[in-house]
Amino acid sequence: MEMAQEKRFNNQQLADVFDTIADLLEIKGEVIYKTLAYRKAADNLRNLGRDVNEIWREGDLTDIPGVGKAIANKIEELLTTGHLDFLDKLNEEVPTTLVEILQVPDVGPKKAALFWHDAGITTLAELESAARAGSLRDLPGMGIKSETRIITGIEALARRTDRIPLGTAWPFAQELLGFLDSIESVQAVEVGGSLRRMKATVGDLDLLAAAEDSGPVMDAFVGHPDVIDMISRGDTKSSVEFANNIRAQLWVHPPERFGTALQYATGSKEHNVRLRELALKQDLSLSDQAFLRKDGSEVLCAEEEDVYEILGLPWIPPELREDRGEIQAAQAGVLPVLIEVGDLLSDLHTHSTWSDGKLSIQEMADAAIERGLKVLAITDHSASLGVAGGLTVRRLKEQRQEIDAVQDVLGETIHLLQGSEVEIRSDGSLDYPDDILIDLDIVIASLHTGLRQPREKVTQRLLNAIRNPHVDVIAHPTGRIIPNREGADLDMAAVLEAAAEHGVALEINAHPARLDLDDIYARRAIEMGINLSINTDAHSASDMDLLHFGVATARRGWVTPENVINTWTAERLLVWLKSRGVARSA
DNA sequence: GCCGTTTTCGGCCCGACTGTTTTCAGTCG
């Protein structure tokens, strides 16, 4: 009885349940719109930014977009009882294990149903042995080629590490764009897909090239020396896998159609569906090729702006294109003016050789000046983080002298702050006593250990830090590492509430392995009036060039310059830090 | 199953590519 209480569903887990239901219904052959409804609800749960448990207790589940009466009832049943009668019954009709074979490229719901009904296959392992035994080729609609594709697909599945971190995908895509741009007939190149929208991880790379004649471009692309598998090769679209197991597809369109092509390939799918609905209201059909009028004539768009203009919208930045209200905002003329890299005047979370950084304080300052910053906080680790060479109290005081000395040399060019990335210990206490923290210019608190503690405990630790009057910023709040480590199981609603109450800023850590806060919670935070801080956590000069990833994450969270303390002038920032100091000593 | 300043019922986006096919079904984004 007690056990049922322990089974607690978060947004992600609920979304997974509804995605599974959608998969099973699709294999079962249910009308497609029903499965789409479940997927839509799952997406919206993931993108909610608020704990569904909170909405259930305090509001109405049907306020969640895509959640009507039926799905609301299912959410409630899951939250109350820990299981779902509907899913149990569905499992009796369609084996749940069939869902795993949908992961195989070229295997969708129809094929899954075929393998299940005609060959008794219910698991991925069974599918593989059947394919290797040559017993799939004689099924209706199948042949030797399809059978081989399934075998290679399963092999690719095994070697592919699901989604690609942005920090890996981005530089590789730039390389490929350079390659494509060097082809003579190519007039323009662009990246599309979730990479252009700057999601923290991407599934594959979507590339576009503008050229009158696509043939030579496609030939060059599929002939790239690092290509290990040509998945498809057409005149408009080709798809390949590279030696690093990253898949990429390339669209080639003539320049006069490049705008619709780029818009289409950027997505998201959900955003595009909305745009096509808008087009239909004007009796236009929108595709990657053009707008099509009823009389069969086309309206071409060379620029992406033209696509939005025809729909009566301002251009919408790619980072917003997730169907999270951006189209309604565009229609109402209230799109946010998103933050840009150039708005940032300070980096408030960096490391030097005093702990685990690679550069001296002087070198870090030089790197910051080179990048146009006005304020640099050196925030080396505190003592208990021994692996990172955390500073004892004595060393911390010695470091102050060096910072002062470097400041003297630099004069007015940049303002150095002595800070600390102070460890939130596993018992929730901070790693330096209050009388040490009070002498620091800025205090950043963070979790590095005990991230696997139970939700209650790890949340409490973070709340302790937020409530400490000396703490100014919480760095990388969840502690996630992409792609390997999930963040701590935090009660984010409680964390955000405390941050709002105590005026503590929450960091969007710009390192592509972190991007923490994520876009969803960043957006929720600014809705609650919480200040954000975008920092590089730089351990070297080149780390400072990763700032744009943090800015992109903020942009995905609808963040404007005013929301981010790093955009403030040095004067304003220092006043803010000092005012918190006054509050401390009061 | 969801949703509505055109609708509470009847809609719910579009095209490319591949393989197995004599004109189309399935998958994918």
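Source: prediction; values computed, not measured.
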| message | Would you measure the distance from the P atom in B:dA16 across to the matching atom in B:dT22 and give it in whole Å? | response | 23 Å

| query | Is a salt bridge present between A:E304 and A:R196, judged by a nitrogen-to-oxygen distance below 4.0 Å? | reply | yes

| Within the modelled atom types, does a donor on one side and an acceptor on the other bring the side chain of A:Y264 and the base of B:dG15 under 3.5 Å apart? | no

| task | Go through residues 137-149 of chain A and report each residue with a non-hydrogen atom lying under 4.0 Å from DNA chain B, sorted by number. | result | A:G141, A:M142, A:G143, A:I144, A:K145, A:S146, A:R149

| query | Hey, does A:N272 reach any base, or is it just sugar-phosphate, or nothing, if we go heavy atoms under 4.0 Å? | reply | nothing

| message | Only pairs with both distances under 3.5 Å count, Watson-Crick or wobble alike; so what is the partner of B:dG29 in this structure? | response | B:dC14

| request: Check each residue of residues 282-315 of chain A for a non-hydrogen atom within less than 4.0 Å of any atom in DNA chain B, then write out the ones that pass by number, or none. | output: A:S285, A:L286, A:S287, A:D288, A:Q289

| Can a donor-acceptor pair be found between the side chains of A:D16 and A:Q12 at a distance below 3.5 Å? | yes

| Under 4.0 angstrom, heavy atoms only, what part of the nucleic acid is A:K40 near: base, sugar-phosphate, or nothing? | nothing

| said: If the threshold is 4.0 Å, N to carboxylate O, is there a salt bridge linking A:D219 and A:R233? | reply: yes

| task | Quick one: pull up CD in A:E303 and CZ in A:F258 and give me the separation to the nearest 0.5 Å. | result | 9.5 Å

| message | Students often get this wrong, so: under 4.0 angstrom with heavy atoms, is A:V104 touching a base, only sugar-phosphate, or nothing? | response | sugar-phosphate

| task | Identify, between A:T62 and A:M218, the residue whose nearest nucleotide on DNA chain B lies closer to the 5' end. | result | A:T62

| task | Quickly work out the A:R274 CZ to B:dC14 P distance and round it to whole Å. | result | 15 Å

| task | Find the distance A:L25:CG to B:dG1:P and express it as a whole number of Å. | result | 8 Å

| Nearest-Å distance once atom P is located in both B:dC14 and B:dC9 | 26 Å

| field | A:E326 with A:R197: basic N within carboxylate O range, under 4.0 Å | value | no

